[in-house]
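Owing to the predicted nature of the structure, the values given are computational and were not obtained by experimental measurement. Every chain is numbered from 1, with letters handed out A, B, ... down the list of sequences.
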Amino acid sequence: MSIRSVLVQLLLVIAFVGNALAISATGSRLLVVLDPSLKDEDYSLFFSDLDSRGLDLTIKAANDPSLGLFEYGERIYDHLILTLPPTQKALGPNLLAKPLLDFSAAGGNIVVVLNANEHALASVREFANQLDVFLPFRDTKLVDHFSYDKEASPLLHDALVLSPNSLLAPEIVSPTADDASKLLYYPGGSAFSLGNNQLLVPVLAAPETAYIYDPAEEATKSETPFATGSQAFLVASLQTRKNTRVTFVASNLLFTNDAFTKPDSFNRAFAAQLSAWTFAEKSVLRLESVTHRLVNSSELNPSIYRVKNEIEYEVELSRFTDGKWAPFYASDVQLEFTMLDPYYRLTLIPSSSSPSAQTYTTSFIAPDQHGMFSFVLNYKRPGLSFVEDKRVVTLRHFGHNEFARSFEIPNAWPYATSIFVVVAAWLLFVALWMFSANSESPSVKKTQ
Amino acid sequence: MRTIQFCVLLLAALFACVVSAAPERDSTYMDKLLKSSSINPGLIRLTDKNFGDVISAPRDYAVVVLLTAESPSMGCQLCRQFAPDYHLVAQSWSKEHPKSGDGLYFAVLDFVDGQRTFQSLGLKTAPNVWLYGPTVGENAGPAAPIVYEIHGVVDMPGSVARFIESHVPGVGITIYKPRDYSKIGQAVTGLVAIGLFIRYLYPILKPFFESRTLWAGISLVAILMFTSGHMFNNIRHTPYVAGNKEGGVSYVAPGFQQQYGFETQVVAVLYAFLAFGAISLSIKTPRIKDSTRQLLSVLTWATIIWCLFSALMFVFRMKNPGYPLSLPPMTK
Amino acid sequence: MQLPTSLPPAAANALPLLRTLTLFTIAGAAIASRLFSVVRFESIIHEFDPWFNFRATKYLVANDFYSFLDWFDDRTWYPLGRVTGGTLYPGLMVTSALIFHGLKALTLPVDIRNICVMLAPVFSGLTAYATYLFTREMKDHSAGLLAAAFIGIAPGYISRSVAGSYDNEAIAITLLMFTFYLWIKALKLGSAFWGALTALFYFYMVAAWGGYVFITNIIPLHALVLVIMGRYSSRLYVAYSSWYALGTLASMQIPFVGFLPIRSSEHMGALGVFGLLQLVGFAVYVRARVPSKQFKVLVVGSVGALVVLGVAGIVGLTVSGVIAPWTGRFYSLWDTGYAKIHIPIIASVSEHQPTAWPSFFFDTFMLIWLFPAGVYVVFQELRDEHLFVIIYGILASYFAGVMVRLMLTLTPIVCVCGAVALSNILDIYTNLEKPVEEEEEKKEEKEEASPLKKATTSLIEDEASILSLGSMSKKPLIGVYSNWARGIVLGMFTLYLYMFVQHCTWVTSNAYSSPSVVLASQMADGSQHIIDDFREAYYWLRKNTAEDAKVMSWWDYGYQIGGMADRTTLVDNNTWNNTHIATVGKAMSSREEVSYPILRKHDVDYILVIFGGLLGYSGDDINKFLWMVRIAEGIWPEEVKERDFFTARGEYRVDAEATPTMKNSLMYKMSYYRFADVFGRQPAIDRVRNQRIPSPMQDASAAPIELSSVEEAFTSENWIVRIYKVKELDPFGREHAAATAFESGKKKSGARGRTAPVGGHAKGRARVLRV
């Protein structure tokens, strides 16, 4: 048996393992819409990384007539990388704002890569506006006269070099210790600004001293750039309420091979982590199970409890990492027991954990208030997928036979005895009345 | 030595004069006014002279001003209706804050004392309740007044109080309905008087108390009153009659759920006569000894009942045109 | 009944049989006349409250009695729920459940729905019998039969007891009359046995209807009047004591009543009279035994003092709050302005309005004027039981005057008195024996002709004082001489009776026989057209929404949604929580941006509105809208203002002149959403309010009504019921308004970056970001 065959087997195994390992939690079909003006060999490293992670790429030109996200109303891709052609016409009708929104709402993940040399198309800008991301509307450049790339753009100062430490979202891109010394190259392009949408997570902001420079403004000498300093963003992500993810990248040059291959460049790792997050390969949480029951009772999830019952609540959370579901551990998972307003807000205590999931439990005495209460689990952290769960149960009042009996209550004893005393007294009185012969005795009895 | 002291005193005095000359807009000034106000407690009666001083900013107090025209010559009905309610609120506030207003003052400016103010404010209508909030101190607000809308609110004092509470933070007004002792006294004395009256005149009154006819009369009247819709008039304050489109007077309200005072009276009278007819047919006439007179009375009562019942149905058909039944003569 | 002496014994023996037959016929007539709605439409439960009773009955039939008693209803008042078992009067449901099980035991399985539908008519038959017994105690058999016939078909009672109106009143009136009959019987015989029976039926009444308070107060009042008139007797003592002691203890067994009989002012009268009777009884007893005059005085004085003390004690307890003051509904009977100010919910209910005179005549045809005559006749020989009739008559007519729904309690006594008066006339004019005229009577009659003297005699030395028994007019009853008189009177009243039947039939068929769930309308060719929108919509809900969907509607429709659609509701006709109702009112009367958080907070999935504008159905939500606003304003006077819904001229409009608040309110939008589209280029006319709804096709200025946070889910055939679905939060974190704007093709702030000059735009952007 030759070395080659061994090598081949080894490669196969590696490939297989690689495939088996790092696949997305939601699916692996990835569509890359490539602007014809871009040559995909410039991005071969980026694509091969994606491919090696087990995503099966379909690369199509933006003007490909067969381009489409849905077929018979079904999503035919799980993820989308969209790079932008110069003209609206070149993009075709299937990638307008609405299809993109529908794709995202239907569970697809999107990376929008703006073209460094072209201004963003109206349709994409509209799509971005819907997510409160505001793209520049001209051919603008992000310029920084202080921390620019000396050899790349000595004059225009539009190629920046950033430190990985300036990354804003650790859940999305987290540089390791030795990455800290590396550099994140931004070889040119514009930036965008963000609105107040609470679902947005900024990933990479421009340096304080940067601003967006509009060549057209040379004439007008406008003092008010589109965005300045840390208000201009290079990379931002958004996670929808359906846990699908959208990422905007201000420049395609971040992902080029030469950006990857520059001396101690962090771009490659950056691109890998960013795409991995967007394509739901990491930071994905899943609610495995929710159970509530009476303490020491076997019946699970009954629909009705009684006030002052002791209730036990239990959830299993797991997190998708390296292609498999692992326990998710956190100390800040909370349960709310609410009827209009929370009656309880309890921190769930991590108890047991299985290889695939972490169990959290808590138990409490139901409030002395009947009504329809709900167990609300609402765990939302930036970068992590949202975990929401609401179970409505009925809290009924005491039944007629569930109160303490009178003889168990000391306060009731006087009344109980008085009843019998009255009865006895009445019998006695009747007896006296009947067996007393003389006539005045009754009046005497009465007047006593 | 002395002279210096003197000079100092003089200076001090001068200074004091200067200071006091400057008009002060803090609550002490208002308290002075409050003390001087002789009319109803807790209410400052304003005139053109001091109105400007009271409302001029900056002020550290809130003042509610009732701009009204209560003098009968003005003939403002609503003003006179509203006045007691407003006085009640002011009184309730002053009951809790006897000495000073504690930052909230109630003032009234009548048209007779404040014509110029009315003109300067460009007021055409009365009454108006304007609230000038404090402009300095915590919970300071704009100098411009907030206007209280006097539209059809029930429980006027309560709503005024709520209005003030909602706009002047940290103010809670509880309305004290003044207990009218004179009424109670009257009631007691009246009861005593009646008691004595009965006690001493009982021999004379006895037959009246025991007269069955009297009681029967009373209960019949009560029943007739209620069954002819008297309570409806009482609750809804229905008009006695109403004018109709062509300027005439309509005595019968259109519609099944409506009625006028007049028609209820008509109906009551109809009921009364019908009932009395039935009574006399069943009780009086069979006790008449003379056969012809008996026959006559039977005939008369029968005709009366007949006609009135037909009339009753006629009136009812006016209310309810779809009603099919009728009796001659008044069939249409 | 005064029989002609010439009646042969055979006929006399036949009389009881005849009476029984008559009674059965009357019962038959009573039942038959209540079946209009079943014949016209179908065997269906009527309007609102019956649907709850029906639902509760089904629950009771499905489960056992104790689980019914502990029933916590989690399908209503979401999310508060309702302790139904403890807050209803179980009498009605238990009755029909018993009938159901009884029939099943007899191997006659009858659908519970049919039992519920037919319960009221059957009990009306019993009512006729009870009234017969009651009136017989007042006068005699013939009066009793007349009264039975009257109550059997009197519209005032039919209004609440047609087939399908499965409500507490259906059986309550029967129990009322039985209780009164038994009370009179107990009072006459002075027997504890009958007293106990009274208590038993009183208990049944308490279990059946909140109106039992009427009995609780009228019987003590009767007793009190008797005592004041010096007609105290051991019979009264025994009857009252046995009734009160047993009845009160029994009534406290009803969970909903609980300790009210000793804790609330409505019941204090009965307690006070009970105490008074004990004292008076004691005083009488002692007075009988003890000779010495002074001691008598002492006893009487001390008794009087005790009475005063007792009254003072009750008053003191009430003031100190140990005894609950009168409940709003009861109090509003006395202080008629009270409800309008303090309890708008009570004031908003149409059947709590005062009664205009036509409805008196409408509900009791000629009886309304025979009623006073009957009272007068009863005054003639003033026996103890007659006093009861008089008190009942006066009180009931007062209550009926104040509240329309209390016509129900008035009708029986009207029938009784009318029957007494009429039977009195009939007795006299059917008595065929001719009186003979004596001579000496004539002159005596002449000399006492002067009217004034007559008056004085009748007043002053009239031996028929209120205290004494015996006839008021001292002249002897002679009788009728001429057959003409007989003929005329009898003929006239026979005609009236005939018209009475006509009237009742007409009223019943026209006014009281429509089950307000199904509407009927006349087509052009006179044929009947059934409008079934309500059931259409409710069944749509039942079939097309999740089992646990929460439906928000105005409270009128809560019971129907619960009963027919079987979905959870926020509020319903059992208006126990003003705040919750006000919340719904606020959600309906506010802008979408304000309403949506409220809807989310209450987990509302669907909103149901009633809209009559297309068909001209006047009982729709826009007409009830002001009540929603008022009730909401009662809780949030700052946020909801009734004034804002009226135009500057104080009109309540829905057309172009409508105020912005009105136009932006959720209720308005949901009612008129896409209403104009139906009319195309024709003007969109609201047929209820006869106003033109602004339609964009008509004039470009009118913007079409847009809903962003809710979407139309269902609209019934005639648009009477419209159901809207509440949207989820937008997945992309947009405002609903923005999302819908995008869907409808509008760009979000579309000008951004296109046309706006760079500088200006950048300014705006930067500013937004800095805040």
Review point. Is the number of heavy atoms from other residues, nucleotides or ligands under 6.0 Å of B:Phe197 CZ greater than 12?
Key: no
Review point. At what distance, to the nearest 0.5 angstrom, does CZ of B:Phe309 lie from CE of C:Met492?
Key: 10.0 Å
Point to revise | Closest contact, heavy atoms only, B:Gly322 versus C:Trp506 | key: O-CZ2, 3.5 Å
Study note, to complete from the structure: B:Arg287 and C:Ile478 have their tightest heavy-atom pair at O-CD1, 3.5 Å
**Study point:** Contact residues of residues 494-502 of chain C (partner chain B; heavy-atom separation under 4.5 angstrom)
**Key:** C:Leu495, C:Tyr496, C:Met499, C:Gln502
Check your understanding: Between B:Tyr323 and C:Phe361, how do the two ring planes meet: parallel, tilted or perpendicular, split at 30° and 60°?
Key -> perpendicular
**Study point:** Neighbour count above 12 (heavy atom, 6.0 Å) for B:Phe273 CZ
**Key:** no
**Study point:** Within the 6.0 Å centroid threshold, strictly below: C:Phe360 and B:Tyr271
**Key:** no
Point to revise | Main-chain N/O of B:Leu281 paired with C:Tyr429 side-chain donor or acceptor, under 3.5 Å | key: yes
Check your understanding: Nearest 0.5 Å, what's the OH-CD1 distance between C:Tyr481 and B:Ile288?
Key -> 9.5 Å
**Study point:** Contacting moiety of B:Leu274, where chain C heavy atoms sit under 4.5 Å
**Key:** both
Review point. Closest heavy-atom contact between C:Pro372 and B:Ala275?
Key: CB-CB, 3.9 Å
Study note, to complete from the structure: Rounded to the nearest 0.5 angstrom, the CD-CH2 distance for B:Gln258 and C:Trp357 is 13.5 Å
Revision key, fill the gap. In terms of heavy-atom contacts, B:Ile223 and C:Phe371 come closest through CG2-CE2, 3.4 Å
Study note, to complete from the structure: Highest number of heavy-atom pairs under 4.5 Å with chain C among B:Ala222, B:Ser219, B:Ser228 belongs to B:Ser219
Exercise for review: Report the C-alpha distance between C:Val402 and B:Phe232 in whole Å, list the side-chain angles of each, state the deciding distance to 0.1 Å, and finish with yes or no for side chain to side chain contact (heavy atoms under 4.5 Å, CB included).
Suggested key: CA-CA 7 Å; C:Val402 173; B:Phe232 186 95; over 6 Å; no
Exercise for review: Could you tell me whether the side chain of C:Pro358 reaches within less than 4.5 Å of the side chain of B:Lys319, counting heavy atoms only?
Suggested key: yes
Check your understanding: Given that the side chain runs from C-beta out, which part of C:Val489 has a heavy atom under 4.5 Å from chain B: side chain, backbone, both or neither?
Key -> side chain
Exercise for review: Let me know if C:Ala400 has heavy atoms under 4.5 Å from chain B in its side chain, its backbone, both or neither.
Suggested key: neither
Review point. In Å, rounded to the nearest 0.5 Å, how long is the span from CE of B:Met313 to NE2 of C:His503?
Key: 10.0 Å
Study note, to complete from the structure: Rounding to 0.5 Å, atoms OG1 (C:Thr355) and NE2 (B:His230) come to a distance of 13.5 Å
Revision key, fill the gap. Answer key: most heavy-atom pairs under 4.5 Å with chain B among C:Pro637, C:Gly374, C:Ser397 is C:Ser397
Check your understanding: Should we say atom OH of B:Tyr251 is surrounded by more than 12 heavy atoms from elsewhere, each under 6.0 Å from it?
Key -> no
**Study point:** Distance, nearest 0.5 Å, that separates CZ of B:Phe276 from OH of C:Tyr376
**Key:** 7.5 Å
Practice item. Heavy atoms only, distances under 4.5 angstrom: which of B:Leu327, B:Leu270, B:Thr292 has the most pairs with chain C? Name it, please. Key: B:Leu327
**Study point:** Best-contacting candidate, C:Ala396, C:Ser482, C:Gly479, against chain B by heavy atom pairs under 4.5 angstrom
**Key:** C:Gly479
Point to revise | Pick from B:Ile279, B:Leu295, B:Val298 with the largest number of heavy-atom pairs that fall under 4.5 Å of chain C | key: B:Ile279
Practice item. Could you have a look at B:Val315, B:Thr285, B:Leu220 and say which one has the most heavy-atom pairs with chain C under 4.5 angstrom? Key: B:Leu220
Review point. Looking at C:Ile488, C:Ile394, C:Leu370, which has the largest count of heavy-atom pairs under 4.5 Å with chain B?
Key: C:Ile394
Practice item. Considering non-hydrogen atoms only, spot the tightest contact between B:Ile235 and C:Pro354 and give its length. Key: CD1-CB, 3.8 Å
Check your understanding: Stepwise, does the side-chain hydrogen bond (donor to acceptor under 3.5 Å, both in side chains) test hold for C:Gln353 with B:Arg236?
Key -> CA-CA 10 Å; C:Gln353 307 306 320; B:Arg236 291 287 175 80; 2.8 Å; yes
Study note, to complete from the structure: Of the listed B:Gly229, B:Ala302, B:Ser282, the one with the largest count of heavy-atom pairs under 4.5 Å with chain C is B:Ser282
**Study point:** Contact class of B:Ser280 relative to chain C, heavy atoms under 4.5 angstrom
**Key:** neither
Point to revise | Contacting moiety of B:Asn320, where chain C heavy atoms sit under 4.5 Å | key: side chain
Point to revise | Donor-acceptor contact present, side-chain B:Arg212 to main-chain C:Gln380, <3.5 Å | key: yes
Exercise for review: Name the region of B:Ile305, side chain, backbone, both or neither, that has any atom closer than 4.5 Å to a heavy atom of chain C.
Suggested key: both
